[in-house]
Undergrad: 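One structure follows; several queries about it will come next.
A, B, ... follow the sequence lines: proteins, then strands. Residue 1 opens every chain.
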Amino acid sequence: DAKTTQPNSMESNEEEPVHLPCNHSTISGTDYIHWYRQLPSQGPEYVIHGLTSNVNNRMASLAIAEDRKSSTLILHRATLRDAAVYYCIFSPGGGADGLTFGKGTHLIIQP
Amino acid sequence: GAVVSQHPSWVICKSGTSVKIECRSLDFQATTMFWYRQFPKQSLMLMATSNEGSKATYEQGVEKDKFLINHASLTLSTLTVTSAHPEDSSFYICSASYNSPLHFGNGTRLTVT
């Protein structure tokens with residue numbers, strides 16, 4: 001199994017940046033790092049993924065450590081709608097295989 | 001784009017009956033779809049990989065005769081929970097890959113009474 005370590009929960013204030021950490025010390029050189037989030041009673045939603053370089057999209061940024069053993073998902077300006085469970089996953093390739101989900105981080109946003 | 005639709009979104013059935021859940025890729029073709037199950041306050045667990053035109057691949061511990069998967073077309077996979085029991089009550093979620101990331105349906109909440 002692809003194991004990642006994330007804090008169980010984090011709290012942040014609305015309109016402030018949020019940095020969600022993830023450790024993946026057993027990652028191999030060809031594994032991609034994926035982030036998904038899940039709102040209550042919904043299926044997971046893709047957030048971002050990357051291999052080595054930092055990645056940006058309209059939802060978030062992904063900062064990957066040089067040794068690739070950890071990464072950080074950055075939400076630049078949190079809103080109440082960002083309250084969700086965030087999952088960090090690594091797997092071979094860009095995501096065509098079934099992903100193994102860990103427990104994730106429950107992000108709480110305070111107004 | 002890349003929308004995955006599940007139906008129904010919730011279902012209540014009596015113990016011993018069977019329930020079919022549909023998963024459709026609305027705007028892309030998916031040769032492979034994945035079925036997950038999620039119990040309250042737990043993470044998603046991969047149950048099986050559904051392959052178009054061939055047999056599904058089940059994860060260890062998942063009963064293939066209980067959870068029947070059919071992937072008859074490039075846009076439809078179905079999961080049938082046969083002879084459902086209360087312990088099968090869960091949130092079932094399907095997903096398919098398109099341009100790398102997995103896209104998930106909104107899930108089906110199954111309650112077996």
Undergrad: Does A:V18 belong to the same Ile/Leu/Val/Met/Phe/Trp/Tyr cluster as A:I48, with side-chain heavy atoms less than 4.5 Å apart forming each link?
TA: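 Same cluster.
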Undergrad: Same cluster for B:I21 and B:F91 if Ile/Leu/Val/Met/Phe/Trp/Tyr side chains link at under 4.5 Å?
TA: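 Different hydrophobic clusters.
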Undergrad: Do A:V55 and A:V47 share a hydrophobic cluster, counting only Ile, Leu, Val, Met, Phe, Trp and Tyr and linking them when any side-chain heavy atoms are less than 4.5 Å apart?
TA: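 Yes.
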Undergrad: Walk me through whether B:M45 and A:T100 qualify under side chain to side chain contact (heavy atoms under 4.5 Å, CB included).
TA: CA-CA 7 Å; B:M45 280 179 24; A:T100 300; over 6 Å; no
Undergrad: Kindly check if the number of other-residue, nucleotide or ligand heavy atoms within 6.0 Å of CG (A:N8) is above 12?
TA: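 It does not: A:N8 CG has 12 such atoms or fewer within range.
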Undergrad: With sequence neighbours excluded, tell me which residues meet side-chain contact (heavy atoms from CB on, under 4.5 Å) with B:S5.
TA: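 Scan of B:S5 (side-chain contact (heavy atoms from CB on, under 4.5 Å), adjacent residues dropped) gives B:L26.
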Undergrad: Grab the two heavy atoms, one from A:Y87 and one from B:S43, that are nearest each other, plus how far apart they are.
TA: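 Reported closest heavy-atom pair: CE2-OG, 3.4 Å.
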Undergrad: Is it the side chain or the backbone of B:Q38 that comes within 4.5 Å of chain A heavy atoms, both, or neither?
TA: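 Interface part for B:Q38: side chain.
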Undergrad: Should we say atom CD of B:E87 is surrounded by more than 12 heavy atoms from elsewhere, each under 6.0 Å from it?
TA: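 Check passes, neighbour count above 12.
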Undergrad: First locate atom CD of A:Q42, then atom CD1 of B:I93, and finally report the distance between them rounded to the nearest 0.5 Å.
TA: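 Between A:Q42 CD and B:I93 CD1, I get 10.0 Å after rounding to 0.5 Å.
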Undergrad: Would you say A:E45 and B:H103 make side-chain contact, with heavy atoms under 4.5 Å?
TA: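 Of all side-chain heavy-atom pairs linking B:H103 with A:E45, none is under 4.5 Å.
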Undergrad: Counting heavy-atom pairs closer than 4.5 Å to chain B, which one of A:G43, A:P44, A:G102 comes out on top?
TA: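 It is A:P44.
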Undergrad: Is A:L80 reachable from A:M59 through a run of I, L, V, M, F, W or Y residues, each pair having side-chain heavy atoms under 4.5 Å apart?
TA: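 Per the 4.5 Å side-chain linkage, A:M59 and A:L80 are co-clustered.
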Undergrad: In terms of hydrophobic clusters joined by side-chain contacts under 4.5 Å, are A:I27 and A:L20 together?
TA: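 Yes: a chain of side-chain contacts under 4.5 Å links A:I27 to A:L20.
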Undergrad: Output all residues satisfying side-chain contact (heavy atoms from CB on, under 4.5 Å) with B:T49, sequence neighbours left out; order by chain, then residue number.
TA: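 Residues passing side-chain contact (heavy atoms from CB on, under 4.5 Å) with B:T49: B:T32, B:F34, B:N51, B:T57.
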Undergrad: Could you measure the distance from the NE2 atom of A:H106 to the NZ atom of B:K41? Nearest 0.5 Å is fine.
TA: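 So the NE2 of A:H106 and the NZ of B:K41 are separated by 8.5 Å.
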Undergrad: Return yes if some donor-acceptor pair links the side-chain N/O of A:Y36 with the main-chain N/O of B:L102 below 3.5 Å, else return no.
TA: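 Yes; judged by distance alone, with no hydrogens or angles, the pair exists.
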Undergrad: What parts of residues 60-82 of chain B touch chain A if we use heavy atoms and a cut-off under 4.5 Å?
TA: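 From residues 60-82 of chain B, none sit under 4.5 Å of chain A.
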Undergrad: Tell me if the NE2 atom of B:H7 is crowded by more than 12 foreign heavy atoms within 6.0 Å.
TA: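 At most 12 heavy atoms, drawn from other residues, nucleotides or ligands, come within 6.0 Å of this atom.
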Undergrad: Sort by residue number and list every member of residues 104-113 of chain B having a non-hydrogen atom under 4.5 Å from chain A.
TA: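 Only B:F104, B:G105, B:N106, B:R109 of residues 104-113 of chain B have a heavy atom under 4.5 Å from chain A.
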Undergrad: Under 4.5 Å heavy-atom distance to chain A, tell me which part of B:L44 shows up: side chain, backbone, both or neither.
TA: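 Contact with chain A involves both backbone and side-chain atoms of B:L44.
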